[in-house]
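FYI, side chains are in, hydrogens and waters are out, and symmetry mates aren't considered; it's all heavy atoms of this structure. By convention here, the first residue in the shown sequence is residue 1.
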Amino acid sequence: MDSSFTLTSDWLAFTVLASNPEETMRVLGGDWSKAKGGFRGYPLSWMRADGLRGVGKLGTNAPRRPNEIHVDLSGGLASALTLDQIRTLLKWVQKQQGHVTRIDCALDDRAGTVPVATIRDAVSAGQCVTRAAQVRHIVSKLTHGTGATTGETMYFGSPQSQALLRIYDKRLELQSKGQENYQDYGTRWELELKKDRAEQCARALATLDEADWKELVIGLLRSYVDFRQVPKDAEDEERYRAPVLEWYALLTEGFQKGRLAQEKQVQTLQNVKRWVSDTLTPMLAVICATPGGEEWLLNEIVRGIARWKDRHRNLLKQPTRFHRSAGGHAGSPC
């Protein structure tokens with residue numbers, strides 16, 4: 001049972017005061033390309049998007065501080081880092097007189113031992129003890145066809161606060177997106193820390209071993225939200241002294257005994273097509289709308305064959321199949 005609990009870093013953003021884009025990209029690794037526009041108010045920007053793991057953005061050359069650099073690594077990139085890589089990166093940020101502006105910690109209950117419905121019912125029963133000023137419950141459904149549910153999320157806190165907890169059905173989310181390994185996931189507890197809370201967490205994580213890392217993150221979770229055996233109208237003192245609900249005690253114990261995981265996204269043609277559709281199609285349409293643009297694009301595609309590497313050839317070896325969405329609608333070949 002313990003192996004079904006994992007912890008990953010799901011987002012990382014930081015600002016450094018004394019570096020340059022080349023050094024920063026070398027530390028981060030991967031292929032970065034200069035973007036045409038700016039990023040978060042920085043006039044110059046670079047982007048890393050391998051189409052499979054996520055997006056990284058780097059901005060610099062702000063008039064107030066030309067050498068300042070800000071970086072956002074989305075969940076796909078941050079979750080692929082090993083514990084040593086994260087610690088090395090966090091220490092480098094500190095050395096460059098920088099600070100972390102956001103860090104997300106994802107705790108996965110991969111067997112779904114505690115579904116979102118259990119948490120929703122506990123909140124309704126007044127058994128939630130939290131610092132969050134508000135709790136929201138959002139269910140997403142298809143507007144056509146079967147009207148199937150495609151997502152269910154509970155939010156503790158607001159996007160503007162320094163701490164926000166999202167609890168959602170990760171398996172359902174991935175299934176609705178057609179991701180093949182959706183059964184590897186269950187319920188995700190995602191703690192988003194920003195500004196001072198992110199910096200404090202990052203400074204601690206930079207020096208901790210795996211056991212202490214997990215203890216710190218679970219401690220942050222328990223200090224932000226707890227579930228206790230209390231009636232709805234209990235006074236605050238009674239609420240904080242009440243015993244923890246059994247399912248929450250077992251869940252956090254499972255997280256404590258779980259493992260730090262490095263996400264490895266499955267490379268499929270379907271993922272590549274989705275990335276092209278979400279990221280490139282607007283710009284490709286612009287090219288095709290210009291005189292000779294469509295012919296130029298076709299020539300570039302043909303030229304791209306000469307740049308294939310093993311990861312491109314391996315995609316062609318995957319069997320073509322028909323994808324069926326979570327809502328039961330037959331899809332196109334992928």
Between Tyr168 and Glu190, does a side-chain hydrogen bond (donor to acceptor under 3.5 Å, both in side chains) hold up when you go through it step by step? CA-CA 8 Å; Tyr168 60 99; Glu190 203 167 85; 2.9 Å; yes
Chi angles and distances behind the salt bridge (Lys or Arg N to Asp or Glu O under 4.0 Å) call for Arg239, Glu235: CA-CA 6 Å; Arg239 299 175 67 79; Glu235 298 293 334; over 6 Å; no
I would like to know whether Ser19 and Thr24 meet side-chain hydrogen bond (donor to acceptor under 3.5 Å, both in side chains); could you show each step before the answer? CA-CA 7 Å; Ser19 185; Thr24 306; 3.2 Å; yes
Could you go step by step and tell me if Trp46 and Phe39 meet the ring-ring contact (aromatic ring centres under 6.0 Å, His included) rule? CA-CA 9 Å; Trp46 281 258; Phe39 168 57; over 10 Å; no
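Using modelled atom types, one finds no donor on one side chain facing an acceptor on the other under 3.5 Å when comparing Thr150 with Ser140. Counting only N and O atoms by type, the side chains of Tyr155 and Gln134 include no donor and acceptor under 3.5 Å apart.
At least one cation-pi condition fails for Arg313 and Trp308: the charged atom is not both under 6.0 angstrom from the six-membered ring centre and inside a 45 degree cone around its axis.
Of the possible polar contacts, one joining the Asp169 side chain to the Arg171 backbone as a donor-acceptor pair under 3.5 Å is found. Looking only at distances, no side-chain donor or acceptor of Arg259 sits under 3.5 Å from a matching main-chain atom of Thr6.
Residues Asp104 and Arg102 are paired through a salt bridge, judged by an N-O separation under 4.0 Å between the basic side chain and the carboxylate.
When each of Arg65, Glu68, Lys57 is checked for a side chain to side chain donor-acceptor pair (under 3.5 Å) with Tyr42, only Glu68 meets the rule.
When the shell of 6.0 Å around CZ of Arg136 is examined, it contains more than 12 heavy atoms from other residues, nucleotides or ligands. Atom CD of Glu22 sits in a crowded spot, with more than 12 heavy atoms from other residues, nucleotides or ligands closer than 6.0 Å. Within a 6.0 Å radius of CG in Asp31, other residues, nucleotides and ligands contribute 12 heavy atoms or fewer.
Under the side-chain hydrogen bond (donor to acceptor under 3.5 Å, both in side chains) criterion, the residue pairs touching residues 292-301 are Glu300-Arg303, with sequence neighbours excluded. Identified under the side-chain hydrogen bond (donor to acceptor under 3.5 Å, both in side chains) test for residues 117-133, with sequence neighbours left out: Arg120-Glu152.
Between Tyr248 and Trp189, the ring-plane angle classifies as tilted under the 30° and 60° cut-offs. The aromatic rings of Phe14 and Trp92 stand perpendicular to each other, their planes meeting at an angle above 60°, with 30° marking the opposite boundary.
Of all the heavy atoms in Ser158 and Ser161, the pair that sits closest is O-OG, 2.7 Å.
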